[in-house]
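Reminder, nothing fancy here: chain letters follow the sequence lines and each chain counts from 1. These numbers come from the heavy atoms of this one structure, side chains and all, not from hydrogens, waters or symmetry mates.
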There are 2 protein chains.
Amino acid sequence: MKQMSSRLSMAVHILCLIGTMPAPTGDVIAGSVNTNPVVIRRIMRMLKQAGLIQVRPGVGGSKLLRDPDRITLLDVYHAVDIVEGNSMFGMHEHPNPACPVGRMIAGAMRREFDEAQRAMEQRLSQTTIRRLMDQVGRERAPS
Amino acid sequence: MKQMSSRLSMAVHILCLIGTMPAPTGDVIAGSVNTNPVVIRRIMRMLKQAGLIQVRPGVGGSKLLRDPDRITLLDVYHAVDIVEGNSMFGMHEHPNPACPVGRMIAGAMRREFDEAQRAMEQRLSQTTIRRLMDQVGRERAPS
DNA sequence: CCTTGTTAGAACTAATATGGTTACAACAGG
DNA sequence: CCTGTTGTAACCATATTAGTTCTAACAAGG
């Protein structure tokens, strides 16, 4: 299976940077993430639309619109990793309705997949950007 | 984000069919899943390699190699939905080591993503093929 | 032996998502 | 006005996916 887009990890990286540095520009962020500034801008637009950050056009610089204690990985996930229909599990769409198994299997599977996804999202919602910022700071100290 | 491959849902469908019908051929299965037989064979090869089913070449027909009580959705997931490095969360690969955040963020995120994935897999491991077969049978009865 | 129905799999295609890149417009402050 | 920045469209190379065509191998019945 294909991995999830790395947009989520880049977005978390971006938020941690904005929470740590004073108003970094897109180019500075791109330098830390190590990618093209346009890629950063694309993701920052999604974070903006989700109400997580504010960006000053023209003059540059961005800041968090919410306390990092109140931004969870699930918030970021929803902001940047939108899946059609909100279900990450792809399903074959036209099982044969003439077959009893074909007719009933889709609904039964959907329920199980939804539960599995809910478990993942519940875990993501328990980690905040603050927590990651703290980890970065702590590991940095001993040097 | 792109949805996961529908191989997982097709594989579950296949296993439920094999557990329900007596030795269905690939074409019959393809009829119920409503796709090309080669797609079915591709998935069945993975299920074979995982030791979940046995297929009789030439003469046709397949059967489960394990009691459906002992096949979980996680088993099927592992059989067909292999992700490189076993991590479903893609991460940007070269954060700038010259930046404190860039240097430390990858490990911190990896831990959180792994936990989220574990939560999902744990939930998948709690549902068996038998359970889905039963649901199909039960819902079919009232007709 | 040979016909038939099947599994096995290589090779190819169209559609789609993705990260990256270039180019240019809009904007704000000195 | 000049400069550095954000905003965005357009395009590209790559990879995954489900699907398709085609051919070979195989096993059983006649």
Practice task
Could you work out which one of D:dT17, C:dG19, D:dT20 sits closest to the side chain of A:Ser5?
Solution key: C:dG19
Dump the pairs, protein N or O against N or O of nucleotides 7-12 of chain C, anything under 3.5 Å, distances to one decimal.
residue : atom : partner : partner atom : Å
C:dT7   : OP1  : B:Gly26 : N            : 2.8
C:dT7   : OP2  : B:Gly26 : N            : 3.3
C:dA8   : OP1  : B:Lys48 : NZ           : 2.5
C:dA8   : OP2  : B:Lys48 : NZ           : 3.4
C:dA8   : N7   : B:Arg41 : NE           : 3.0
C:dA8   : N6   : B:Arg41 : NH2          : 3.4
C:dG9   : O6   : B:Arg41 : NH2          : 3.2

Practice task
Measure the spacing between CG of B:Leu124 and CD of A:Gln117 and express it to the nearest 0.5 Å.
Solution key: 11.0 Å
Exercise for the section: Specify the separation, in whole Å, of atom CG of A:Asn36 and atom C1' of D:dG7. Expected result: 14 Å
Exercise for the section: Examine the side chains of A:His92 and B:Ser9 and answer whether a donor and an acceptor come within less than 3.5 Å of each other. Expected result: yes
Exercise for the section: Determine, for B:Arg66 against B:Asp75, whether the closest basic-nitrogen to carboxylate-oxygen distance falls under 4.0 angstrom. Expected result: yes
Completion exercise
note: A:Glu93, atom CD; D:dT17, atom P; distance rounded to Å ~ 16 Å
Practice task
Provide, to the nearest angstrom, the distance between the CE atom belonging to A:Met88 and the C1' atom belonging to D:dT17.
Solution key: 17 Å
Exercise for the section: Look at the side-chain N and O atoms of B:Thr35 and state whether any lies under 4.0 Å from the OP1 or OP2 oxygen of D:dA18. Expected result: no
Practice task
Calculate the interatomic distance between B:Met4 atom CE and D:dT17 atom C1'; express it in whole Å.
Solution key: 13 Å
Fill in the blank from the handout: Its dot-bracket string being built from Watson-Crick and G-U pairs below 3.5 Å, with | for another strand and [ ] for crossing, DNA chain D has the pattern ||||||||||||||||||||||||||||||
Practice task
Considering only NZ, NE, NH1 and NH2 on the basic side and carboxylate oxygens on the acidic side, decide whether B:Arg118 and B:Glu121 come within less than 4.0 Å.
Solution key: no
Exercise for the section: Measure the distance from CD1 on A:Ile82 to P on C:dT18 and round it to the nearest whole Å. Expected result: 11 Å
Exercise for the section: Starting from C1' on C:dG20, measure out to NE2 on B:His92 and report it in whole angstrom. Expected result: 15 Å
Exercise for the section: If a pair satisfies ring-ring contact (aromatic ring centres under 6.0 Å, His included) and one of its residues is in residues 95-127 of chain B, list it, with sequence neighbours excluded. Expected result: B:Phe89-B:Phe113
Problem - Residue pair A:Arg111 / B:Gln135, side-chain donor-acceptor N/O under 3.5 Å - result: yes
Handout entry: B:His13 versus B:Ser32, side-chain donor and acceptor atoms under 3.5 Å
Key = yes
Exercise for the section: Answer yes or no: does atom CZ of B:Arg110 have more than 12 heavy-atom neighbours from other residues, nucleotides or ligands under 6.0 Å? Expected result: yes
Problem - Euclidean distance, atom CD1 of residue A:Ile43 to atom P of D:dT6 [Å, nearest integer] - result: 14 Å
Handout entry: Whole angstrom value for the distance that separates P of C:dT6 from NZ of B:Lys63
Key = 19 Å
Problem - Under-4.0 Å salt bridge between A:Arg130 and A:Asp67 - result: yes
